[in-house]
Amino acid sequence: MRGLRDERSPGEGFCPGPALAPFVRYVYCHECGNVSTNIWVERNVCTSCGHAAERMALGRPWQSYVSSAILLIATGVLIFGPIMDPLQRTVLVIAALVVAFALSSWSLKVSKE
């Protein structure tokens, strides 16, 4: 993939970016308790100890989708909407950001549980 640099040292964790998300899967090792990332063509093995690992299914809660929708709707209103007053535009942006941030934080909390 173009523009992808691996600046991590050996043994350090790796968090894939959005461009790699469809090709990367997370696996959990019951032996050492490590969460590893593997590409879709690799076997489900731990990168730390080499034992068999279990694939983890990570879903997104509804809160993350709603926060994205709120930001998209607010952006659409700002770009194509009839609001010309700078104060009203500022209030709309701040309100959308606060609600989206609250929902995103809630979705992270739900994901951790």
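Nearest approach of Gln63 to Val110, heavy atoms of both residues: NE2-CG2, 3.9 Å. When every heavy atom of Ala96 is checked against every heavy atom of Leu71, the shortest pair comes out as O-CD2, 4.1 Å.
Contact check for Ser107 versus Ser67: no side-chain heavy atoms found under the 4.5 Å cut-off. The shortest distance between side-chain heavy atoms of Val98 and Phe101 does not fall below 4.5 Å.
Of the inter-residue distances, the one linking Asp85 atom CG with Leu92 atom CG reads 11.5 Å to the nearest 0.5 angstrom. The distance from atom OG1 of Thr75 to atom CD1 of Ile70, rounded to the nearest 0.5 Å, is 11.5 Å.
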**Residue pair Cys46, Cys32: steps toward the side chain to side chain contact (heavy atoms under 4.5 Å, CB included) verdict** = CA-CA 9 Å; Cys46 179; Cys32 66; 3.6 Å; yes
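Placement of Leu103 and Tyr65 in two distinct hydrophobic clusters is found when ILVMFWY residues are connected by side-chain heavy-atom separations under 4.5 Å, directly or transitively. Each of Val99 and Ile83 belongs to its own hydrophobic cluster when Ile, Leu, Val, Met, Phe, Trp and Tyr are linked at side-chain heavy-atom distances under 4.5 angstrom.
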